[in-house]
Amino acid sequence: MPPPANKAYQLKVSLLGARPPIWRRLLIAPDTTFQDLHRIIQLAMGWQACHLHMFQAGDDRLIGDPAEDFDGMLDFQDETMVAVSAVLNKEGQALTYDYDFGDSWEHEVRLEKVLPGDQGEPLPRCIKAVRQCPPEDVGGLPGFYDFLEAMEDAAHPEHVAVREWMGGEWFEPEFVDLDDINQALAERDALFSETESEPDIPPARDFFGLSPSQVYELLQNPLNCPSVFKPLINAEAVNRELDTAPVIRMAKVLVEAMKGKGIRLTGKGNLPLKQVKAMIEAGGEEIVAPMARYSPIRSEEHILAVILTRVLLEIAGYTKKQKGVLSLKKTAETRLEKKGWLMVYRDLLSSAFSRLSWASMDHYDGLDEIQYTAPFCFWLLSEKGEQWRPVDDYLEDMLKAFPRLPLAAYPVVYMSDEEQARSAMRSRMLTLYQLLGLLELDPEHARLRSEGEQMMRRTALFEGLFTRV
């Protein structure tokens, strides 16, 4: 039974996994809605409310903003209609609050005490704040720790870059201004003023044979979704197909060049042109650098596949940059020797979904949801990818399953929202999947000249990795 209205809740909100700990102690009214709790946590922690969020109760109920459940599969309880006291009503009870499904900031929200309602000051209020929360889009906790290391060491090779990324500001992890937090909490209604409502688009009804719970499992972790795809059952067969993936062929060339003293980078921090050309040759010019036939290659900056290979190795923990030299980490070299390239490939694949920012691959603003829904294409490939089929068929199926995808596009005069979504899926999802060797495009149709006629199918590598249950 919910506590009487003349009580107050003392909550502790902790960022899970943070070392040293990052947390806030809050006082709120028990009848606070989960929508308001979301806003309170955002302001108290220091987030910017620019990513998706949801609450998960101890009984696995999901509570959130139905507008953010754009395909209807999560079956959110409407956060505007549920009071905190309907979920937390005994001291010691807890729930989780997830923010930014890309960086995966997971918080524990624990009811520490039920207090008398007369607290002397208006609620909500933050009474204790320990350490600053990470900057937005820093890359989860691993990225945050890398960021802190670079920020705190003026001699670090990435120090200038992270300072520029922060707009020249210094980040002090220990400093939190309690007065600023409470002033923001008092003004939260104005800070979260409602915007114009989105068009009413019905939830998806066609997941091509998957249940909503299976889709949720697939999108959460495409490499571990046992109700959809079997775990890797024939590593030897997959190993034989690894070299069909351009990213592996390019990574092998780069790793070999880094052994010993590493690779001296250019003044701009790029790979030397000789190394870029060697990686293009290994990956296959027609796949990784199709424009090379029209203009000479002058820099790594113009070859997305080279950039992605290098970035994936870095965020997967295989490389490091120090004093202008890109080198292979000793731990990575040992891991490679013991586990082989299949483990490297799985690390790259996992990093592509969990830590790589797909939005950096093209010029389209918004449309971040493409990254979170893209694993559904694996199911489509398993369904009908045996034969060549038009690329547009897959894009159409993605939009059937997730009809709200185009709503995340920023309006432009020269392209509709749906056209932007289709184009961004090509430039992000299909480009990355081809680089990872999971699909192949029909070589009979040039990517630019006859894009609308392009065909695709799954590869033998895909079939080895994603065997249907």
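Model, not experiment: these values are computed from the prediction.
Met425 has its side chain within reach of Met398: a pair of non-hydrogen atoms, C-beta onward, lies under 4.5 Å apart. In this structure, Leu326 and Met258 have side chains that are in contact, with non-hydrogen atoms separated by less than 4.5 Å. You'll find the side chain of Ser382 stays beyond 4.5 Å of the side chain of Phe466, heavy atoms only.
Partners of Phe55 under the ring pair (Phe, Tyr, Trp, His ring centres under 6.0 Å) rule, at least two apart in sequence or in another chain, are Phe34, Tyr97.
When only modelled atom types and interatomic distance are considered, Glu79 and His53 share a side-chain donor-acceptor pair under 3.5 Å. Counting only N and O atoms by type, the side chains of Thr319 and Glu314 include no donor and acceptor under 3.5 Å apart. Glu136 and Tyr99 share a side-chain donor-acceptor pair at under 3.5 Å. Checked by atom type, the side-chain pair Gln56/Asp60 shows a donor-acceptor distance below 3.5 Å. With hydrogens and angles left out, the side-chain atoms of His51 and Asp137 include a donor and acceptor closer than 3.5 Å.
In this structure, Tyr433 has its ring center closer than 6.0 angstrom to the ring center of Phe378. The aromatic ring centres of Tyr318 and Tyr345 sit 6.0 Å or more apart.
Side chain of Thr33 to main chain of Asp36: a donor-acceptor pair is present (N/O by atom type, distance under 3.5 Å, no hydrogens or angles).
Between His38 and Phe192, the two ring planes are perpendicular [angle over 60°; tilted spans 30° to 60°].
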query = Between Gln275 and Ile263, does a side chain to side chain contact (heavy atoms under 4.5 Å, CB included) hold up when you go through it step by step?
reply = CA-CA 9 Å; Gln275 184 63 47; Ile263 300 172; 4.0 Å; yes
